[in-house]
Amino acid sequence: MYVTISDFVAEWKREAALTQQVLNGLTDASLQQKVYGEGRTLGRIAWHFTTNIPEYLSEFGITIEQIPNAEEVPASAKEIADTFAEISDRAARAIEEQWTDASLQAVQNAFGRDESNASILMGLIKHIVHHRGQVTILMRQAGLKPFGVYGPPKEDWIHFGVEQPPQ
């Protein structure tokens with residue numbers, strides 16, 4: 001749990017950098033990949049967690065500029081990646097400027113539960129991590145090699161002396 005704003009910002013920046021690497025690996029064509037016919041596209045999921053950052057923070061009292069036309073998924077993977085980079089930086093600055101270490105202990109209602117602001121911020125990171133996992137699976141289905149978030153993708157195992165398991 002976060003005790004200081006700097007604790008949160010450090011974790012936020014680490015996770016944002018990992019997410020940025022995943023988003024930088026997308027192609028415009030991959031944005032249309034779906035798990036199943038009625039499911040969200042990879043582009044919709046990536047755009048959702050990007051545009052959700054300012055929506056989420058605003059819900060809990062952080063003043064941050066919203067993304068105009070957030071309901072319209074860009075056709076450009078670069079636009080999604082660039083927007084995430086801008087929004088993740090803007091979010092860190094907004095939190096640093098508007099909350100103090102003491103703010104992390106304050107309790108608010110979050111989705112029907114009383115949660116500390118520290119827990120609310122952790123929830124934002126977990127939300128992005130959850131959807132980032134979906135994106136990496138959809139990248140694989142779209143024929144892309146995903147970025148190794150917490151470990152290398154199977155193509156890079158050999159560099160670590162690990163053989164791929166049998167199919």
Side-chain angles (χ1 to χ4, degrees), residues 1-28 30-31 33 40-139 144 146-153:
M1 188 61 58
Y2 310 113
V3 177
T4 67
I5 294 295
S6 64
D7 289 342
F8 167 76
V9 169
E11 180 74 5
W12 176 258
K13 287 182 177 182
R14 280 189 298 271
E15 290 299 327
L18 293 170
T19 302
Q20 192 67 56
Q21 290 293 325
V22 170
L23 294 176
N24 289 346
L26 299 178
T27 63
D28 294 349
S30 72
L31 299 181
Q33 182 66 43
R40 289 180 179 179
T41 63
L42 185 161
R44 168 62 66 195
I45 294 168
W47 191 239
H48 160 69
F49 71 71
T50 297
T51 60
N52 179 257
I53 295 167
E55 292 171 6
Y56 186 99
L57 292 174
S58 293
E59 179 71 23
F60 299 108
I62 299 290
T63 302
I64 183 169
E65 182 182 343
Q66 302 296 303
I67 299 173
N69 302 316
E71 66 283 349
E72 297 174 24
V73 178
S76 163
K78 183 177 181 342
E79 183 177 343
I80 293 172
D82 290 351
T83 302
F84 179 83
E86 178 185 330
I87 294 301
S88 62
D89 286 345
R90 192 184 308 161
R93 282 193 312 273
I95 292 165
E96 286 175 315
E97 292 169 1
Q98 296 174 43
W99 278 3
T100 65
D101 295 347
S103 301
L104 295 174
Q105 302 309 313
V107 174
Q108 299 189 56
N109 185 283
F111 313 108
R113 298 183 308 262
D114 287 341
E115 299 278 347
S116 70
N117 284 338
S119 292
I120 288 168
L121 291 179
M122 183 178 288
L124 177 59
I125 288 177
K126 287 180 178 182
H127 178 248
I128 292 168
V129 168
H130 161 73
H131 287 304
R132 184 176 67 202
Q134 292 174 322
V135 166
T136 61
I137 295 298
L138 290 169
M139 289 176 77
L144 301 176
F147 174 77
V149 176
Y150 297 127

Please give me the minimum heavy-atom distance between Phe60 and Trp99, naming the atom from each residue.
O-CZ2, 3.3 Å

Any non-hydrogen side-chain atom of Thr100 less than 4.5 Å from a side-chain atom of Ser103?
yes

Distance-only side-chain donor-acceptor flag, Ser58 / Gln66, under 3.5 Å
yes

Are the side chain of Arg132 and the backbone of Leu18 linked by a donor-acceptor contact shorter than 3.5 Å?
no

Counting C-beta onward and ignoring hydrogens, is there a side-chain heavy-atom pair between Tyr56 and Ile62 closer than 4.5 Å?
no

Atom CG of Asn52 and atom CG of Leu57: how far apart are they, to the nearest 0.5 Å?
8.5 Å

Correct closest heavy-atom pair for Leu144 and Gly25 would be CD1-O, 3.6 Å

Say you draw a straight line from CG of Asp101 to CG of Asn117; how long is it, rounded to the nearest 0.5 Å?
12.0 Å

Considering non-hydrogen atoms only, spot the tightest contact between Asp28 and Lys78 and give its length.
OD1-N, 4.4 Å

Is there a side-chain contact between Phe147 and Leu23, using heavy atoms and a 4.5 Å cut-off?
no

Euclidean distance, Leu121 CG relative to Glu115 CD, rounded to 0.5 Å:
11.5 Å

Under the 3.5 angstrom rule, does the side chain of Gln20 hit a backbone N or O of Ala85 as a donor-acceptor pair?
yes

Would you please test Leu124 and Met122 for side-chain contact (heavy atoms from CB on, under 4.5 Å) and show each step?
CA-CA 5 Å; Leu124 177 59; Met122 183 178 288; over 6 Å; no

Could you state the interatomic distance from OH (Tyr2) to CD1 (Ile95), rounded to the nearest 0.5 Å?
10.0 Å

Check step by step if side-chain contact (heavy atoms from CB on, under 4.5 Å) holds for His48 and His127.
CA-CA 10 Å; His48 160 69; His127 178 248; 3.0 Å; yes

Does His130 reach the side chain of Gln134, with side-chain heavy atoms less than 4.5 Å apart?
yes

Which distance, rounded to the nearest 0.5 Å, do you find between the CD of Glu15 and the NZ of Lys126?
11.5 Å

Side-chain heavy-atom pair Leu104, Met1 within 4.5 angstrom cut-off:
no

Gap between atom CH2 of Trp12 and atom OG1 of Thr19 - 0.5 Å precision
8.0 Å

Shortest non-hydrogen contact between Trp47 and Ile80, atoms and distance:
CE3-CG1, 3.8 Å

Minimal heavy-atom distance between Gly61 and Gln98, with the atoms involved, is O-OE1, 4.0 Å

Between Arg14 and Glu11, is there a salt bridge with N-O shorter than 4.0 Å?
yes

Would you call the rings of His131 and Phe49 parallel, tilted or perpendicular, where under 30° means parallel and over 60° means perpendicular?
parallel

Report yes if some heavy atom in the side chain of Leu31 is under 4.5 Å from a heavy atom in the side chain of Thr41; otherwise report no.
no

Run the side-chain contact (heavy atoms from CB on, under 4.5 Å) test on Val22 and Met139 for me, step by step, so that the C-alpha distance in whole Å, both residues' side-chain angles and the decisive distance to 0.1 Å come before the verdict.
CA-CA 9 Å; Val22 170; Met139 289 176 77; 3.8 Å; yes

Exercise: identify the closest heavy-atom pair between Asn24 and Ala81
OD1-CB, 3.6 Å

